[in-house]
Amino acid sequence: MFNSKHYIVGDQNVSVPAHLNFGKYILDKLRLKKDEVALANGETGDKLTYKNLTQYAVNLAVSLIKLGVTVGDIVAVGSEKRNEFVPTMLGIVFAGATYTPYDLRCGRAILKHKMSITKPKYYICSNLFWNTYKDVLMAFDCVKVFITLDDSIESLISLKSLTTNNNANVDLFEPVKVQGQTDVAFILYSSGTTGMPKGVQLTHLNCILNSLPHDFSDDSLKSVFVFGEWFHNYDTFMTYKVLAMGKKIVYINKASPEIFLQACEDEQVNIAMVVPSLVVYLSKTDDFEKFNLDSFMFIYSRSSPLHSKTIENVKKRLPKLKNILQGYGMTECGEPTSENWGTKGPKPGSVGMVSPGTTIKIVDPETRKILGPNQRGEICLRGPVFMKGYIGVDPSTYLDEEGFFKTGDLGYYDEDTYFYIVDRMKEIICYDGYKIAPLELETILQLHLGVKEAGVVGKPVPYFGEVPAAFVVRQPGSNVTEEELKSYVAAEVAPFMQLKGGIRFIEELPRNTRGKILRRSLREMLQES
Ligand code: ATP
Ligand code: MG
């Protein structure tokens, strides 16, 4: 759908169930399965069948309704990853309320920030979460009822006592009616890479569109690994896509590559939804030779780009792997582009074509003029899949005059309308009139066998603007030097892109809970050095 006249790519029209109730959409799918495993914790071995998942969610919904929960109420969930998490999200949505998650690892400052944005009325947490953040939680008097996922402690009501006493009839239960286009089903948070996380309101319609099944509906693909947390748009909606197709979700608690590989062998994983750093790990480690990964067919990677050589390296080492697919996504609208929709198959370096329900234009960041193929500019998007809005933020600060969301990401599309992400606009290093994308240098550095991971930022210099400076974590056992890495990079890139700001070796890169490199922290480290 390439409109050469207006250079707006994609199609906003997409078919959705008429009732526009996310709870009903998912419940109708869940009821089709019974004793098949829906969720498997690949670390502890805990499993939940479709029948038990659905019963739990419906019991919870009935209990919440009895407690007085109603449309418009915000119910928070704070917990480590566990099987109860998914049916708890669903129970809240079935009750017509709005679900919002808080991450156990987010830390006090971010938790306070998120709670002051959303002001939940009900709070469902694990005992671990309660014990970690009790003082923060108690300081918010917006919360009327605290419920624990575990055995009752202190003043918390036990969810088990709420849900086991009512064996609700799953076949007769109907989720509470909502206004699908306006009522908010989920409030999720942006990752907080560029500043404090923003509260993203997703309506029932947004959630349905984000969960429509897509290409891996093939029956031979039965087991899907989701690496991330159920706090993020991508992992949350990938989980619902997979459940809507009646397949098995596999997850682990610790972000450990070894536990991941063991779980993939044990649960015969066919598709792994992972973060790019794990693909880089797979391209270098010998660990996976200890595991039988013959079931592996596809790897999906999101959130930052992969170098095509990294992809080739993994494919060579896992001969049964059919492909590694990349997409471009964000909390505000799911996956505006996806490799899955590529009519010409995956293209190296591309994040694919526009997903259904979205239109995209590329705009000159200065003149705001719309650009054509192969011209770099800000990615702006629009469509029914796009959020209702950030909580408490004036829409005119993030929408343009045509209602397109200004993503702040620099990118372009080619003559086949395949998209390519360059980097965030604010991160681009300006050196003597040249524009340098730190992501490009990071992916090149990561290809070096002596490098485990790398982050690149601009170092201010007189007259020329900024020069790229790198922070590098060495591979265990490597003693690669600054000079070696500088000459390696110099051989790969144009002279203006060389690492003139130097290389600093560090133990670990600062990352947010999504695993994204925090370049703002690297810039602070650069100032201090
Ligand atoms: P915040 O908005 O709070 O600063 P964030 O933008 O990192 O955090 P997310 O919504 O999780 O929060 O991430 C979306 C962003 O991730 C995109 O806007 C883009 O910058 C980046 N991103 C996503 N997919 C890719 C990809 N395939 N390649 C490069 N960058 C990507
Ligand atoms: Mg963002």
Side-chain angles (χ1 to χ4, degrees), residues 101 103 106 110 113-114 117 186-202 206 210 228-238 273-277 279-280 299-308 310-311 324-340 342 346-355 358 360 376 378-381 385-387 390-391 393 397-398 405-413 418-428 437-443 446 456 510-521:
D103 177 357
C106 70
I110 299 278
H113 168 74
K114 288 182 176 174
I117 299 179
F186 286 12
I187 299 171
L188 301 180
Y189 303 88
S190 63
S191 296
T193 313
T194 53
M196 284 304 240
K198 291 156 278 197
V200 172
Q201 303 178 91
L202 298 168
N206 296 151
N210 275 318
E229 305 280 352
W230 289 310
F231 310 110
H232 297 108
N233 184 316
Y234 179 60
D235 306 291
T236 302
F237 291 114
M238 272 302 161
M273 313 273 179
V274 299
V275 288
S277 55
V279 184
V280 173
I299 293 177
Y300 281 60
S301 176
R302 295 292 182 276
S303 81
S304 60
L306 285 169
H307 198 287
S308 49
T310 303
I311 296 179
I324 298 181
L325 302 160
Q326 298 188 74
Y328 165 63
M330 64 199 69
T331 317
E332 293 84 347
C333 72
E335 272 194 306
T337 79
S338 165
E339 196 65 275
N340 317 320
K347 285 200 192 189
S350 168
V351 291
M353 298 176 83
V354 185
S355 304
T358 310
I360 301 188
R376 289 178 176 201
E378 182 174 17
I379 301 172
C380 298
L381 51 90
V385 79
F386 183 68
M387 65 170 177
Y390 295 124
I391 299 180
V393 182
T397 59
Y398 54 84
F405 175 55
K406 299 183 271 185
T407 63
D409 293 327
L410 194 67
Y412 61 95
Y413 56 87
Y418 275 65
F419 277 77
Y420 300 80
I421 312 299
V422 178
D423 212 326
R424 291 177 199 260
M425 290 189 323
K426 284 192 182 144
E427 306 280 4
I428 297 292
L439 270 177
E440 199 176 332
L441 287 165
E442 286 167 4
T443 50
Q446 273 169 3
V456 172
R511 291 182 183 272
N512 61 23
T513 50
R514 181 79 182 116
K516 296 185 182 190
I517 300 171
L518 288 174
R519 296 211 189 103
R520 58 196 157 98
S521 304

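Just so you know, ligand 1 is whichever comes first in the structure, and atom 1 is the first atom listed for that ligand.
Protein heavy atom nearest atom 23 (C) of ligand 1, with residue, atom name and distance: Gly329 O, 3.1 Å. At the shortest separation from atom 4 (O) of ligand 1 among protein heavy atoms lies Thr194 OG1, 2.4 Å. Among all non-hydrogen protein atoms, the one lying nearest atom 10 (O) of ligand 1 is Thr331 OG1, 2.6 Å. In terms of protein heavy atoms, atom 31 (C) of ligand 1 is closest to Ser303 O, 3.1 Å.
When heavy-atom distances to ligand 1 are checked against a 4.0 Å cut-off, Lys198 comes that close only through its side chain, counted from C-beta outward. Only side-chain heavy atoms of Ile421 come within less than 4.0 Å of ligand 1; its backbone N, CA, C and O stay farther off. For Asp409, every heavy-atom contact with ligand 1 shorter than 4.0 Å involves the side chain, none the backbone. Residue contacts with ligand 1, taken as heavy atom pairs separated by less than 4.0 Å, involve Lys516 solely via side-chain atoms from C-beta onward.
Interface atoms of ligand 1 facing Val351, defined by a heavy-atom separation under 4.0 Å, are 27 (N). Less than 4.0 angstrom separates some heavy atom of Arg424 from each of these atoms of ligand 1: 5 (P), 6 (O), 7 (O), 15 (C), 16 (O), 20 (O). Ligand-side atoms of ligand 1 in range of Met330: 10 (O), 14 (C), range being under 4.0 angstrom from any heavy atom. Short contacts between ligand 1 and Thr193, defined as distances under 4.0 Å to a heavy atom of the residue, involve ligand atoms 1 (P), 3 (O), 4 (O), 5 (P), 7 (O), 8 (O).
The residues Glu442 and Arg519 are annotated as salt-bridged, a charged nitrogen and a carboxylate oxygen being separated by less than 4.0 angstrom.
Using a 3.5 Å distance cut-off with no hydrogens or angles, the side chains of Thr331 and Asn233 do not pair a donor with an acceptor. Looking only at atom types and distance, the side chain of Asp103 has no donor-acceptor partner in the side chain of Tyr189 under 3.5 Å away.
Interatomic distance, CZ of Arg302 versus OH of Tyr328, reported as 12.5 Å (0.5 Å rounding).
Between Phe419 and Tyr413, the ring-plane angle classifies as tilted under the 30° and 60° cut-offs. Aromatic ring orientation, Tyr398 versus Tyr390: perpendicular (interplanar angle above 60°, classes split at 30° and 60°).
Closest to atom 12 (O) of ligand 1 by heavy atom, among Ser191, Cys333, Ala437, is Ser191.
Under the 6.0 Å cut-off for aromatic ring centres, Phe237 and Phe186 qualify, their centroids lying closer than that.
When side chains are defined from C-beta on, Gln326 does not count as touching Ser350, because their heavy atoms never get closer than 4.5 Å.
Judged by the shortest distance from any of its heavy atoms, Gly327 lies inside the 4.0 Å radius around the atoms of ligand 1.
The N/O atoms of Ser190, backbone and side chain alike, include one that comes under 3.5 Å of an N/O atom in ligand 1.
Only one option out of Leu410, Thr193, Thr407 pairs with Arg424 in a side chain to side chain contact (heavy atoms under 4.5 Å, CB included); it is Thr193. Just one residue in the list Leu441, Asp423, Leu439 forms a side chain to side chain contact (heavy atoms under 4.5 Å, CB included) with Val456, and that residue is Leu441.
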